[in-house]
Undergrad: 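Shown below is the structure under consideration.
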Amino acid sequence: MTEETNYTPNNKVRLCGYVDSEPKFSHELYGEGFYEFILRVPRLSEQSDKIPVTVSERLMNGVDFAVGSRLAVNGQFRSYNKLDGGRSKLMLTVFVRDFFECPEGENPNEVELMGYVCKPPVYRTTPFNREICDLLVAVNRAYNKSDYIPCIAWGRNARFVRDIEVGRKLTISGRIQSREYTKKLSDDESEVRTAYELSVSKIVAEEHSLKDSAAVGQDARAEEVSAAEDTGVDKAL
């Protein structure tokens, strides 16, 4: 069995950016080695998103992974749980399916997911009255696995999903965004961490179908996961 058989059409990612860290060995699965690196994807503004990426050694031949090299990938947005201090964290990575040629001047950051709401949405407004709604969406994968993707909706999309029920099937388009925040560890100690999420540009709620929502039934696991806080790669991706 190889990872090639583990792709499903309900999870698609297309990225083009610049290598921000050289690939480091992560793990081996069924005799196949996997590496991780950070891809910096520029936004329309002067900012960039720094996105963790995982790639098989079988795809690396002939690809320039030097820091600063331009790279474009197709793949999937995946998650895994990592225990840290007795708590479970949700870790996220883009799993590479293949590389493609991206025209100069273009830096796509495109995600298309189809999944199920697995926790009640969290709606809030900023001090400037900007509406925001956080979602956790379970995306089914082959071999009875699921990816749990934190999503953030804004404005009209936030109002649309704020009361949506757990188990509802959604089709979501957007981009992967990274953001730094300061985590307070004690009264006199803190550290800067990075969170990753899918920033929603379009969302469609479909008719709920319990028989298709196997991932939603894993309530215990869904309750454990929290916003992604670090980069990393699971040994069972």
Side-chain angles (χ1 to χ4, degrees), residues 8-13 43 49 51-52 76-82 84 87-94 109-141 144-184 193-231 234:
T8 51
N10 59 344
N11 187 337
K12 299 178 182 179
V13 175
R43 300 185 185 180
D49 293 295
I51 300 170
Q76 292 183 320
F77 201 16
R78 293 189 177 180
S79 75
Y80 67 95
N81 286 328
K82 176 183 178 182
D84 184 6
R87 296 186 60 188
S88 181
K89 293 181 180 179
L90 184 68
M91 314 297 285
L92 299 171
T93 186
V94 171
N109 180 345
E110 302 167 354
V111 183
E112 296 180 9
L113 299 179
M114 183 180 294
Y116 301 86
V117 179
C118 59
K119 291 180 70 175
V122 178
Y123 174 85
R124 64 192 190 278
T125 57
T126 70
F128 299 100
N129 290 322
R130 190 175 189 188
E131 296 172 290
I132 304 174
C133 191
D134 296 310
L135 293 168
L136 187 65
V137 177
V139 180
N140 291 333
R141 206 201 302 173
N144 294 317
K145 293 184 178 181
S146 299
D147 294 298
Y148 292 86
I149 308 299
C151 303
I152 184 166
W154 311 84
R156 292 183 301 169
N157 285 331
R159 292 195 298 274
F160 175 65
V161 297
R162 64 183 177 183
D163 296 319
I164 205 161
E165 67 271 18
V166 171
R168 192 72 179 274
K169 187 177 182 180
L170 301 177
T171 300
I172 301 172
S173 300
R175 65 177 180 84
I176 302 172
Q177 69 178 22
S178 65
R179 55 182 174 84
E180 291 187 344
Y181 68 98
T182 301
K183 174 73 173 181
K184 188 174 181 179
R193 296 182 177 181
T194 304
Y196 306 99
E197 57 210 354
L198 172 58
S199 181
V200 176
S201 59
K202 181 180 179 181
I203 187 165
V204 176
E206 301 185 18
E207 289 297 325
H208 175 50
S209 176
L210 284 174
K211 67 179 180 179
D212 294 330
S213 55
V216 178
Q218 302 179 36
D219 293 331
R221 181 180 175 190
E223 287 298 327
E224 290 177 354
V225 298
S226 59
E229 295 183 337
D230 298 287
T231 61
D234 186 23

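Predicted model, so just to flag it, every value in this text is computed and none were measured.
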Undergrad: Apply side chain to side chain contact (heavy atoms under 4.5 Å, CB included) to Arg43 and Asp49, showing your working.
TA: CA-CA 7 Å; Arg43 300 185 185 180; Asp49 293 295; 2.7 Å; yes
Undergrad: Within this structure, what is the CG-CE distance for the pair Asn11 and Met114, rounded to the nearest 0.5 Å?
TA: 11.0 Å
Undergrad: Which heavy atom in Pro150 sits nearest to a heavy atom in Tyr196, and how many Å separate them?
TA: CG-O, 3.7 Å
Undergrad: Any side-chain heavy-atom pair from Glu206 and Thr171 closer than 4.5 angstrom?
TA: yes
Undergrad: Rounded at 0.5 Å granularity, tell me how far OG in Ser199 sits from CG in Asn109.
TA: 9.0 Å
Undergrad: If you round to the nearest 0.5 Å, how far is CZ of Arg175 from CD of Glu197?
TA: 9.0 Å
Undergrad: Look up atom CD1 in Ile172 and atom CD in Glu112, then write down how far apart they are to the nearest 0.5 Å.
TA: 11.5 Å
Undergrad: With heavy-atom distances below 4.5 Å as the criterion, would you say the side chains of Cys133 and Val200 are in contact?
TA: no
Undergrad: Cys151 and side-chain contact (heavy atoms from CB on, under 4.5 Å): which partner among Val111, Asn157, Val137?
TA: Val137
Undergrad: Any idea which heavy atoms bring Ile51 and Val94 closest together, and the distance?
TA: CG2-CG2, 3.8 Å
Undergrad: Mind checking the OG1-CZ spacing from Thr194 to Arg179? Nearest 0.5 Å is all I need.
TA: 10.0 Å
Undergrad: Is the closest side-chain heavy-atom distance between Asp163 and Pro121 below 4.5 Å?
TA: no
Undergrad: Would you mind reporting whether Trp154 and Ile132 have side-chain heavy atoms less than 4.5 Å apart?
TA: yes
Undergrad: What verdict does the side chain to side chain contact (heavy atoms under 4.5 Å, CB included) test give for Leu135 and Leu170, after you've listed the backbone C-alpha separation in whole Å, the side-chain angles of each residue and the deciding distance to 0.1 Å?
TA: CA-CA 11 Å; Leu135 293 168; Leu170 301 177; 4.2 Å; yes
Undergrad: Quick one: are Ile203 and Val161 in side-chain contact, heavy atoms under 4.5 Å?
TA: yes
Undergrad: Locate the shortest heavy-atom distance separating Phe77 from Val13; write the atom from each residue and the value.
TA: N-CG2, 3.4 Å
Undergrad: So which atom in Ile164 and which in Ala205 form the shortest heavy-atom distance, rounded to 0.1 Å?
TA: CD1-CB, 3.9 Å
Undergrad: Kindly give the heavy-atom pair with the smallest separation between Lys119 and Val166, and that separation in Å.
TA: C-CG2, 3.7 Å
Undergrad: Side chains of Asp134 and Arg124: does their closest heavy-atom pair fall under 4.5 Å?
TA: yes
Undergrad: Can you tell me if Ser79 uses its side chain to pair, donor with acceptor, with the backbone of Ile149 under 3.5 Å?
TA: no
Undergrad: If we only count heavy atoms from C-beta on, is the Val139 to Gln76 side-chain gap below 4.5 Å?
TA: no
Undergrad: Search all heavy atoms of Val117 against all heavy atoms of Glu165 and return the closest pair with its distance.
TA: CB-O, 3.8 Å
